[in-house]
Novice: 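The structure under discussion is supplied below as structure tokens; questions concerning it will follow.
Along the sequence shown, residues carry numbers from 1. As the structure is a computational prediction, the values presented were derived from the model and not from experiment.
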Amino acid sequence: MIKLGLDFDNTLITYDEIFYKIALERNLITENCSPQKSLIRDFLIHQNMEDQFTLLQAEVYGKRILEAKPAEYLVENLLNLKKKMNIQYYIVSHKTKKPIKGPNYNLHEAAISWLFKNDFFSPNGLNFKKENIFFEETKLSKISRIKSISCTHYVDDLPEILDLVHEECIKILYNPFSYKIKNNKLINLSSWKNLVKIIN
């Protein structure tokens, strides 16, 4: 059986639009700022407004998470893969339970609510199992979890995380903006449309 591990933030769920929307609401950026989370973060840090970014992130990951969307082509391609082969899906993600700053949101519960809203648990759809979802408080516990459940494949948007994943696992970098990658051991996934080819 294939055990496909999936990161959550910026891999299954995309925050670019909602970051842009709330940053505009708070007058942190102007409309001509690029609607991309990483660029908004870099801009605010450059403006010595890192605390504002941290509070913005807490709002997005907590209270406003239901406004975020699944990554483009994600759901249909996970469904397609499920029909083609014997596969079990896992979510293993580094996510603190509470924000570093700001309101006392439960970020784990917020993420589960988002998964419910987007039908990840639907028996007629992806049929994810709650017991296969792990939100880990530290990066090291995330890496340990990926190994302990023996993921055969793992998808993450951060090369530095994939570098730490056990060598027997096929490491897939979700890279929708086609950034150049130095590690040739990583398989580049520029779009979820290409997942079936990679897993095959």
Novice: For Lys97 and Glu137, run side-chain contact (heavy atoms from CB on, under 4.5 Å): C-alpha distance rounded to whole Å, both residues' side-chain angles, the deciding distance at 0.1 Å, then the answer.
Specialist: CA-CA 7 Å; Lys97 197 165 188 178; Glu137 293 274 353; 3.2 Å; yes

Novice: Taking it one step at a time, do Asn86 and Ile2 satisfy side-chain contact (heavy atoms from CB on, under 4.5 Å)?
Specialist: CA-CA 6 Å; Asn86 185 19; Ile2 291 170; over 6 Å; no

Novice: Between Tyr90 and Phe134, what is the ring plane arrangement, given parallel below 30°, perpendicular above 60°, and tilted in between?
Specialist: parallel

Novice: Just do the side-chain contact (heavy atoms from CB on, under 4.5 Å) check on Asn127 and Phe120 with the steps written out, would you?
Specialist: CA-CA 6 Å; Asn127 198 27; Phe120 280 78; over 6 Å; no

Novice: Report yes if some heavy atom in the side chain of Pro35 is under 4.5 Å from a heavy atom in the side chain of Asp16; otherwise report no.
Specialist: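 They are not in contact (no side-chain heavy atoms under 4.5 Å apart), so the answer is no.
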
Novice: Answer yes or no: are there more than 12 heavy-atom neighbours, outside Ile149 itself, under 6.0 Å from its atom CD1?
Specialist: yes

Novice: Is the shortest side-chain heavy-atom distance between Leu81 and Leu195 below 4.5 Å?
Specialist: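 Yes, their side chains come closer than 4.5 Å.
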
Novice: Is the closest side-chain heavy-atom distance between His94 and Glu136 below 4.5 Å?
Specialist: no

Novice: With rounding to the nearest 0.5 angstrom, report the CG to CD distance, Leu158 to Glu160.
Specialist: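 Leu158 atom CG to Glu160 atom CD measures 4.5 Å (nearest 0.5 Å).
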
Novice: Considering non-hydrogen atoms only, spot the tightest contact between Pro103 and Pro99 and give its length.
Specialist: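 Smallest interatomic distance, heavy atoms only, reads O-CG, 3.4 Å.
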
Novice: Hey, would you say the Phe128 and Tyr89 ring centroids sit under 6.0 Å apart?
Specialist: yes

Novice: Give every residue pair that meets the salt bridge (Lys or Arg N to Asp or Glu O under 4.0 Å) criterion with at least one member in residues 66-82, sequence neighbours excluded.
Specialist: Glu17-Lys69, Lys21-Glu67, Arg64-Glu67

Novice: If you measure only the distance, is there a donor-acceptor pair under 3.5 Å linking the side chains of Glu59 and Tyr105?
Specialist: yes

Novice: Return yes when atom NZ of Lys117 has more than 12 non-hydrogen atoms of other residues, nucleotides or ligands closer than 6.0 Å, and no otherwise.
Specialist: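 It does: Lys117 NZ has more than 12 such atoms within range.
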
Novice: Is the shortest side-chain heavy-atom distance between Lys147 and Ser144 below 4.5 Å?
Specialist: no

Novice: So which heavy atom on Ile65 is nearest to which on Ala111, and how close?
Specialist: CD1-CA, 4.0 Å

Novice: How far apart are the C-alpha atoms of Val60 and Ile22, what are their side-chain angles, what is the distance that settles it, and do they pass the side-chain contact (heavy atoms from CB on, under 4.5 Å) test?
Specialist: CA-CA 8 Å; Val60 170; Ile22 300 175; 3.8 Å; yes

Novice: For residues Leu12 and Leu74, report the shortest heavy-atom separation together with the two atoms involved.
Specialist: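 Distance-wise, the nearest heavy atoms are O-CD2, 3.3 Å.
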
Novice: So how far is it from Ser191 OG to Asn77 CG, rounded to the nearest 0.5 Å?
Specialist: 7.0 Å

Novice: Does either side chain, that of Asn124 or that of Ser122, offer a donor lying less than 3.5 Å from an acceptor on the other one?
Specialist: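 The answer is no; no qualifying pair exists.
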
Novice: Counting distance only, does the side-chain N/O of Tyr61 pair as donor-acceptor with the main-chain N or O of Leu56 below 3.5 Å?
Specialist: no

Novice: Nearest 0.5 Å, please: how far is CD1 in Ile87 from CG in Leu78?
Specialist: 8.0 Å

Novice: Backbone N or O of Pro70 within a donor-acceptor pair of the Thr14 side chain at under 3.5 Å?
Specialist: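 Between the backbone of Pro70 and the side chain of Thr14 there is no qualifying donor-acceptor contact (under 3.5 Å).
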
Novice: Going by heavy atoms in the side chains, are Lys171 and Ile187 under 4.5 Å from each other?
Specialist: no

Novice: Could you state whether Ile45 and Met49 fall into the same hydrophobic cluster, counting links through intermediate Ile, Leu, Val, Met, Phe, Trp or Tyr residues with side-chain heavy atoms under 4.5 angstrom apart?
Specialist: no

Novice: To the nearest 0.5 Å, tell me how far Ile161 CD1 sits from Asp156 CG.
Specialist: 6.0 Å

Novice: Nearest 0.5 Å, what's the NE2-CD1 distance between His166 and Ile143?
Specialist: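 So the NE2 of His166 and the CD1 of Ile143 are separated by 10.0 Å.
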
Novice: Decide if atom CD of Glu50 counts as having more than 12 heavy atoms of other residues, nucleotides or ligands within a radius under 6.0 Å.
Specialist: no

Novice: Side chains of Leu107 and Phe135: does their closest heavy-atom pair fall under 4.5 Å?
Specialist: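 Sidechains of Phe135 and Leu107: no contact.
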
Novice: Could you pull out the closest heavy-atom pair between Cys33 and Ile40, with the gap in Å?
Specialist: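 Looks like SG-CG1, 4.2 Å.
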
Novice: Less than 4.5 Å apart, any side-chain heavy atom of Phe43 and any of Phe53?
Specialist: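 In short, these two side chains do not touch, never coming nearer than 4.5 Å.
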
Novice: Kindly work out whether a path of hydrophobic side-chain contacts (I/L/V/M/F/W/Y, heavy atoms less than 4.5 Å apart) joins Leu66 to Leu126.
Specialist: yes

Novice: Linking I/L/V/M/F/W/Y whenever any side-chain heavy atoms sit under 4.5 Å apart, do Ile146 and Leu162 land together?
Specialist: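 Looking at the clustering, Leu162 is in the same group as Ile146.
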
Novice: Mind checking whether Asn175 and Asp157 have side chains closer than 4.5 Å, heavy atoms only?
Specialist: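 Counting from C-beta outward, Asn175 and Asp157 never come under 4.5 Å.
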
Novice: Applying ring-ring contact (aromatic ring centres under 6.0 Å, His included), run through Tyr174 and Tyr154 and close with a yes or a no.
Specialist: CA-CA 10 Å; Tyr174 180 56; Tyr154 187 76; over 10 Å; no

Novice: Over all heavy atoms of both residues, which pair between Ile198 and Asn188 is shortest? Give the atoms and the distance, please.
Specialist: CD1-O, 4.0 Å

Novice: Following the transitive rule for hydrophobic clusters with a side-chain heavy-atom cut-off under 4.5 Å over Ile, Leu, Val, Met, Phe, Trp and Tyr, establish whether Leu39 and Tyr179 coincide in one cluster.
Specialist: no

Novice: Assess the side chains of Asp7 and Ser93: does a donor N or O sit below 3.5 Å from an acceptor N or O?
Specialist: yes

Novice: Could you tell me which non-hydrogen atom of Tyr20 sits nearest to which non-hydrogen atom of Thr30, and how far apart they are?
Specialist: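 For Tyr20 and Thr30, the tightest heavy-atom pair comes out as CE1-O, 4.3 Å.
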
Novice: Determine whether Phe121 and Val92 fall in the same hydrophobic cluster, where Ile, Leu, Val, Met, Phe, Trp and Tyr are linked whenever their side-chain heavy atoms lie under 4.5 Å apart.
Specialist: no

Novice: Side chains of Ser141 and Thr138 only: does a donor on one sit below 3.5 Å from an acceptor on the other?
Specialist: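 Judged by distance alone, the side chains do pair up.
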
Novice: Give me the ring orientation class for Tyr15 and Phe19: parallel if the planes are under 30° apart, tilted from 30 to 60°, perpendicular past 60°.
Specialist: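 Tyr15 vs Phe19 ring planes: perpendicular.
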
Novice: For the CD1 atom of Ile170 and the NE2 atom of His153, what is their distance to the nearest 0.5 Å?
Specialist: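 The NE2 atom of His153 is 3.5 Å from CD1 of Ile170, to the nearest 0.5 Å.
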
